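Taking it in order: structure first as structure tokens, then the write-up.
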Amino acid sequence: MLNQDGSWRAAELKQISSYLLYEDFQEKHLDEFFSKTIEANNQNQYLQNFFLEAKNRTWSGLKKTIAQEGKYYLPEVISYALVLERLTISMRQDWQILLCCQEVWKKARVEEKLDDYLNFFEITKIYSMDMVADVIYGTN
């Protein structure tokens, strides 16, 4: 969504940047995010099964990595998740944001040659979603 220099790739995203980037971030936002995450987990059988199975494992490698590097990476991961949550909300509230994101992603896929790293299923899914959006929204 951002260029290498940190500028927004689309004017529509720049308009909602203060919302996406939590310029008004407070601890309550983090609490709200974790509450929503727990609620989503409770409604997702796949995640529930994963956590039930994970409960019986030691995860020593993961625990060691988090202890050593968590303070550097976990804030970024959580921040990224918070931004994605707000971007998803924005796309649901305004279909033009959805179109804008789709166009940014299409251009990025071409510029970065991302299709070279995707398997057949992933490519099929992406292009079928593009085709549906093109029909629904009348884009190219």
Side-chain angles (χ1 to χ4, degrees):
M1 297 295 140
L2 296 172
N3 291 312
Q4 293 293 333
D5 64 2
S7 63
W8 291 99
R9 288 185 178 233
E12 296 88 343
L13 296 172
K14 185 176 181 179
Q15 291 173 351
I16 61 171
S17 65
S18 62
Y19 174 72
L20 293 176
L21 298 178
Y22 274 92
E23 288 183 3
D24 62 339
F25 185 81
Q26 297 172 9
E27 190 173 329
K28 69 179 181 178
H29 295 116
L30 197 55
D31 292 340
E32 195 177 292
F33 173 74
F34 283 118
S35 294
K36 286 181 182 179
T37 302
I38 291 167
E39 183 180 321
N41 175 60
N42 291 337
Q43 296 174 8
N44 186 319
Q45 191 61 45
Y46 296 107
L47 282 176
Q48 288 178 16
N49 291 340
F50 169 78
F51 285 119
L52 284 173
E53 194 166 315
K55 186 168 56 170
N56 299 323
R57 299 192 182 197
T58 61
W59 301 96
S60 58
L62 179 60
K63 288 178 185 176
K64 181 180 175 185
T65 301
I66 289 174
Q68 291 175 341
E69 302 174 16
K71 64 183 175 185
Y72 302 110
Y73 298 110
L74 287 179
E76 289 183 23
V77 169
I78 292 170
S79 298
Y80 184 69
L82 290 168
V83 170
L84 285 180
E85 177 195 22
R86 285 204 164 183
L87 181 59
T88 301
I89 290 168
S90 298
M91 288 188 287
R92 282 194 311 240
Q93 292 174 342
D94 182 353
W95 61 271
Q96 291 179 339
I97 298 293
L98 174 64
L99 285 181
C100 166
C101 290
Q102 183 186 13
E103 288 305 312
V104 167
W105 292 324
K106 277 184 182 180
K107 288 177 187 172
R109 283 199 325 258
V110 172
E111 291 170 6
E112 303 295 327
K113 299 180 181 171
L114 296 178
D115 289 354
D116 295 348
Y117 302 96
L118 302 175
N119 64 38
F120 178 75
F121 173 76
E122 293 165 332
I123 291 172
T124 303
K125 182 176 179 181
I126 287 171
Y127 284 96
S128 65
M129 291 171 58
D130 287 347
M131 288 173 25
V132 170
D134 290 346
V135 169
I136 292 172
Y137 300 114
T139 60
N140 296 343

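Fair warning: this is a prediction, and the values are worked out from it, not measured in the lab. Just the heavy atoms: all of them, side chains too, but no hydrogens, waters or symmetry mates, feed the values below.
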- When every non-hydrogen atom of Y117 is compared with those of E122, the smallest separation belongs to O-OE1, 4.3 Å
- Task: Would you mind reporting whether N44 and F51 have side-chain heavy atoms less than 4.5 Å apart?
- Result: no
- Task: Spell out, yes or no, whether L74 and F33 are grouped together once hydrophobic residues are joined by side-chain heavy atoms under 4.5 Å, including indirect joins.
- Result: no
- Nearest non-hydrogen partners of S90 and L20, listed with the distance: OG-CD2, 4.1 Å
- Query: What distance separates I89 CD1 from D94 CG, expressed to the nearest 0.5 Å?
  - Reply: 13.5 Å
- Query: For the residue pair R9 and E111, what are the closest heavy atoms and their distance?
  - Reply: NH1-OE1, 3.3 Å
- How far apart are the closest heavy atoms of W8 and M1, and which atoms are they? CE3-O, 3.6 Å
- Could you tell me whether K106 and E103 have a side-chain N and a carboxylate O separated by less than 4.0 Å? yes
- Going from CD on E12 to CG on L98, what distance comes out if it is rounded to the nearest 0.5 angstrom? 11.5 Å
- Quick one: CG on L62 to CZ on R57, what's the gap to the nearest 0.5 Å? 12.0 Å
- Nearest heavy-atom approach of A10 to V104 is CB-CG2, 4.1 Å
- Quick one: pull up CG in L47 and CD1 in I38 and give me the separation to the nearest 0.5 Å. 12.0 Å
- Task: With rounding to the nearest 0.5 Å, note down the distance linking CZ in F121 to CD1 in I126.
- Result: 10.0 Å
